[in-house]
K.L.:
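Structure incoming, see below.
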Amino acid sequence: MKALGIGVPDDPRTAGEEDIVGARIGGRLVDLQTSLWEGGTIVPVRGTDPDALFLTRHTAAHVMAQAVKELFPEALLAIGPVIEDGFYYDIDVSRPFQPEDLDRIEKIMKRIVKEKHPVRRRRLDREEALGFFRDDRYKQELIRDLPEDAEITTYTQDTFTDLCRGPHAPHTGFIKAFKLLKVAGAYWRGDEKRQMLQRIYGTAWHSREELKAYLTRLEEAKKRDHRVLGRKLDLFSVVEEIGPGLILWHPRGALVRRILEDYWREAHDRGGYQIVYSPHVGRSTLWKTSGHLDFYKENMYPEMQLENQSYFVKPMNCPFHNHIYKARTRSYRDLPLRYAELGTVYRFERSGVLHGLLRVRGFTQDDAHIYCTEEQVKEEIRTVIRFSLEVLRRCGFEEFASYIATRPDEKYVGRPEEWELAEEALKEAATAEGLEFEVDEGGGAFYGPKIDLKIKDALGRAWQCSTIQFDFNLPERFGLEYIAEDGKPRRPYMIHRALLGSMERFFGCLVEHFAGAFPLWLAPEQVRVLTVTEKTVDYGREVARILREKGIRVGEDFGSDKIGKKIRNAETMKVPFMLILGERDREKSEVSVRKHGEGDLGAQTLEDFCRSFLAEV
RNA sequence: GCCGAUGUAGCUCAGCGGCUAGAGCAACCGCCUUGUAAGCGGUAGGUCGUGGGUUCGAACCCCACCAUCGGCUCCA
């Protein structure tokens, strides 16, 4: 057995190869102590390769663990994986970590890094491992849960040894730049019934510059935070007296929403949908029929009693749409039927998960339910995916990821053939539309398979909005039928579809995607007219009137501030165009145009401005 | 729900057991008549999240509650 022993500091190191951190053997990332146990090309991983970050971050997690152990010898270590941009370690300590503890831990980590301790790998058998970690119930549990044939290894640096699969950097000195970011509570193995552990998050990079760039990136993301921009741009608010997770749409936010909804309705009209409305509450019998009282009750607002009847606020729109379907006998000639609604629903979300507009308790779904025959399923799915992509692209999103979830192994309703057809339809449609998809085998809900579409925003973050789900449960429960060609009743296929997801969530996405600078067609205020002095107020009014007549959304700033201040205000509010009107402009019947983020575009006639504006919208 | 942090004027924050709780921005009132990212002066604005407690005295210490923020398997 030969180890790749290049780069362990006290080993003879190959001249000029000091920056080798690890290697890939046939695609598998390993450290330099891995034995050559199978074939494949060995590709060294050098200091600045992306793979190197994985190794050093993993090692950084161990160094952090060692530092924690020095400060809190009684602490038990659970797991400490590498995550995107960094690492964390879950630790069981008697006293929760204070933010100040992070400084102390960091200090010790710096020492350990500076001392360049080699990281040594050791294989041991199960008994040895259980013995070694006899005082640590977490490690014991991990070892016991490892598969029979698993190779069990530990990694040691300095005085610290941890159970770990690896791989790691050759020595602690490979950690060039790191920072501990935050502490948080986390359940052991993510299970809320089990022990609450303390998690420390950290980040590690190849250099101080990269670390700094990362921290700057975090700052930038914070500036785009829809909650911050929502207040700055006066778009929406959430107030304590009204209740958590309940949104007030201010005029500017409401206007963006209305424009979006107008487009949505127009697109749905074109797309063969019929727009419907349904009430906000329904009798308990309805929710009994739909099964929500059996399967969804903990997410529903509690019962209301009136005149001896009980009602529930709706958490979903589907039962209502089913009743529209049932309002008369349907023929196969009527199908497909596509009902769409901007339906406001209320769901009880646990207080800890609420988040701005992204996770709320009251929201408006852009919901649709499609009823079709078996023969129509494939075409229908293809159409709905194409339609979804068209709408999302129009809203400014170009990149998508998709996930298909298939039939669970055990509990499910419907016939296996139905599931197969549906899954097939989803895969075919995704492929046909050029969507890359991952399949979550067995990950579907009990009532049907689905495809989720995620959009990627300007910072490359993925947001789940659209979902298209088959439902083999509700048609049964509501007894939905249509009369087929042979005169016999048949059960239709039912498909749930949310495209933007909810207006709240999608709007939050839009705000972050555009950093609050909405594209012209969505901007609540497209043009702001600014007067240089009050001598041009009349001219300003006239210009604003003309723009408004052309359907342009215009704001006015005719106050006594100096022009620099007015411009600053308009820039801060991210108004796409500013028309600056001084006496010079009035005399020549012109407007001085300034574009948000670009600056002065010079003077032109109002007609020219309108023409180019309307062309751009 | 659970762990931690936070909650002071519309907003951003200072004050951390001892005088009538402060600043900047915003608002309002003046002055300035202004040309591409903050002109100057003044005025008003606060149950210090809510409720209890400790104390001669609480924004500050303790308890409970409410809300917000960061997290709560990317599995050794």
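All chains are named by letter (A, B, ...) in the order of the sequence lines, taking the proteins before the strands, and each is independently numbered beginning at 1. Being a predicted model, the structure only gives us computed values, none of them experimental.
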K.L.:
Considering all heavy atoms of both residues, which atom of A:Gly253 and which atom of A:Phe507 are nearest to each other, and what is their separation?
P.N.:
CA-CZ, 3.9 Å
K.L.:
Do the side chain of A:Arg528 and the main chain of A:Met573 share a donor and acceptor less than 3.5 angstrom apart?
P.N.:
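No, because the side chain of A:Arg528 does not come within donor-acceptor range (under 3.5 Å) of the backbone of A:Met573.
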K.L.:
Between B:U20 and B:C48, how many Å separate the two P atoms, rounded to a whole number?
P.N.:
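About 15 Å, rounded to a whole number of Å.
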K.L.:
Could you check whether any side-chain N or O of A:Ser402 sits under 3.5 Å from a backbone N or O of A:Glu436, counting only pairs where one atom can act as donor and the other as acceptor?
P.N.:
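Yes; at least one donor-acceptor contact below 3.5 Å.
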K.L.:
Which of these passes side-chain hydrogen bond (donor to acceptor under 3.5 Å, both in side chains) with A:Gln157: A:His171, A:Arg120, A:His117, A:Gln66?
P.N.:
A:Gln66
K.L.:
Using atom C1' in both nucleotides, what's the gap between B:A9 and B:G15 to the nearest angstrom?
P.N.:
14 Å
K.L.:
Can you check whether A:Thr536's main-chain N or O pairs, donor with acceptor, with A:Thr531's side chain at less than 3.5 Å?
P.N.:
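No.
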K.L.:
Counting only heavy atoms not in A:Asp191, do more than 12 sit closer than 6.0 Å to its CG atom?
P.N.:
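Yes, CG of A:Asp191 has more than 12 neighbouring heavy atoms, counting only those of other groups under 6.0 Å.
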K.L.:
Tell me, what's RNA chain B's dot-bracket, Watson-Crick or G-U with both distances under 3.5 Å, | for other-strand, [ ] crossing?
P.N.:
(((((((..((((....[...)))).(((((.......))))).....(((((..]....))))))))))))....
K.L.:
Taking all atoms of both residues into account, what is the closest heavy-atom pair of A:Leu606 and A:Leu579, and its distance?
P.N.:
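Heavy atoms of A:Leu606 and A:Leu579 come nearest at CD1-CD1, 4.3 Å.
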K.L.:
Which atoms form the tightest heavy-atom contact between A:Phe87 and A:Ala204, and what is the distance?
P.N.:
CE2-CB, 4.1 Å
K.L.:
For B:C16 and B:C61, measure between their P atoms and round to the nearest Å.
P.N.:
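Roughly 11 Å separates the two P atoms.
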K.L.:
If the threshold is 4.0 Å, N to carboxylate O, is there a salt bridge linking A:Arg121 and A:Glu151?
P.N.:
yes
K.L.:
Could you report the tightest heavy-atom contact between A:Leu520 and A:Arg553, atom names first, then the distance?
P.N.:
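Looking at all heavy atoms of both residues, the shortest contact is O-NH2, 3.7 Å.
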K.L.:
Between B:A38 and B:G45, how far apart are the P atoms? Round to whole Å, please.
P.N.:
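After rounding to an integer number of Å, I get 31 Å for this pair.
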K.L.:
Ring centres of A:Phe178 and A:Trp205 under 6.0 Å apart?
P.N.:
no
K.L.:
Do any of residues 578-593 of chain A sit with a heavy atom less than 4.0 Å from RNA chain B, and if so which?
P.N.:
A:Ile580, A:Gly582, A:Glu583, A:Arg584, A:Asp585, A:Ser592
K.L.:
Output one letter per nucleotide in nucleotides 70-76 of chain B: B when a protein non-hydrogen atom lies under 4.0 Å from the base, S when only the sugar-phosphate is that close, - when neither is.
P.N.:
BBBBBSB
K.L.:
If we take the P atom in both B:C19 and B:C60, what is their distance in whole Å?
P.N.:
14 Å
K.L.:
Could you tell me the separation between the CG atom of A:Asp90 and the C1' atom of B:C2, rounded to a whole number of Å?
P.N.:
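Whole-Å distance recorded here is 14 Å.
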K.L.:
In whole angstrom, give the distance that lies between atom CG of A:Leu181 and atom C1' of B:C69.
P.N.:
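Checked: the CG to C1' distance equals 16 Å.
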K.L.:
How far, in whole Å, is B:A59 from B:U47 if one measures between their P atoms?
P.N.:
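The answer is 13 Å between these two P atoms.
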K.L.:
Does any residue of residues 232-245 of chain A have a heavy atom under 4.0 Å from RNA chain B, and if so, which ones, in number order?
P.N.:
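Hits under 4.0 Å, by residue number: A:Glu240, A:Pro244.
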K.L.:
Would you give the length of the straight line joining atom CD of A:Glu438 to atom CG of A:Asp452, rounded to the nearest 0.5 angstrom?
P.N.:
11.5 Å
K.L.:
Looking only at atom P, what distance separates B:A64 and B:G4, rounded to whole Å?
P.N.:
11 Å
K.L.:
Using a 4.5 Å cut-off on heavy atoms from C-beta on, say whether the side chain of A:Leu55 contacts that of A:His168.
P.N.:
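No - every pair of side-chain heavy atoms lies 4.5 Å or more apart.
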K.L.:
Mind checking the P distance from B:C69 to B:A27? Whole angstroms is fine.
P.N.:
27 Å
K.L.:
Are any non-hydrogen side-chain atoms of A:Met578 and A:Glu571 less than 4.5 angstrom apart?
P.N.:
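When only atoms from C-beta onward are counted, A:Glu571 and A:Met578 do touch, with a gap below 4.5 Å.
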K.L.:
Going by number, which of residues 527-534 of chain A have a non-hydrogen atom under 4.0 Å from RNA chain B?
P.N.:
A:Val532, A:Thr533, A:Glu534
K.L.:
Between protein and nucleic acid, restricted to nucleotides 37-40 of chain B and to nitrogen or oxygen atoms under 3.5 Å apart, what atom pairs and distances do you find?
P.N.:
{"from": "B:A37", "atom 1": "N7", "to": "A:Arg594", "atom 2": "NH2", "distance (Å)": "3.2"}
{"from": "B:A37", "atom 1": "N6", "to": "A:Glu571", "atom 2": "OE1", "distance (Å)": "3.3"}
{"from": "B:A38", "atom 1": "N7", "to": "A:Arg568", "atom 2": "NH1", "distance (Å)": "3.2"}
{"from": "B:A38", "atom 1": "N6", "to": "A:Arg568", "atom 2": "NH2", "distance (Å)": "2.9"}
{"from": "B:A38", "atom 1": "N1", "to": "A:Arg568", "atom 2": "NH2", "distance (Å)": "3.4"}

K.L.:
State whether A:Phe160 and A:Lys69 meet the cation-pi test: NZ (Lys) or CZ (Arg) under 6.0 Å from the six-membered ring centroid, and within 45° of the perpendicular axis.
P.N.:
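So A:Lys69 doesn't make the cation-pi contact.
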K.L.:
B:U12 P sits how many Å from A:Lys222 NZ, rounded?
P.N.:
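Distance check: A:Lys222 NZ to B:U12 P gives 13 Å.
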K.L.:
Between A:Leu163 and A:Thr153, which heavy-atom pair has the shortest distance, and what is it?
P.N.:
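Scanning both residues, the minimum pair turns out to be CD1-O, 3.7 Å.
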K.L.:
So, for A:Glu504 and A:Leu357, which heavy atoms are closest and what is the spacing to 0.1 Å?
P.N.:
O-CB, 3.4 Å
K.L.:
Does a side chain donor of either A:Asp92 or A:Tyr138 reach within less than 3.5 Å of an acceptor in the other side chain?
P.N.:
yes
K.L.:
With distance as the sole criterion, is a donor-acceptor pair present between the side chains of A:Gln604 and A:Glu590 under 3.5 Å?
P.N.:
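A:Glu590 and A:Gln604 do not have a side-chain donor-acceptor pair below 3.5 Å.
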K.L.:
OP1, OP2 of B:A5 versus side-chain N and O of A:Gln98: anything below 4.0 Å?
P.N.:
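Yes, within the criterion.
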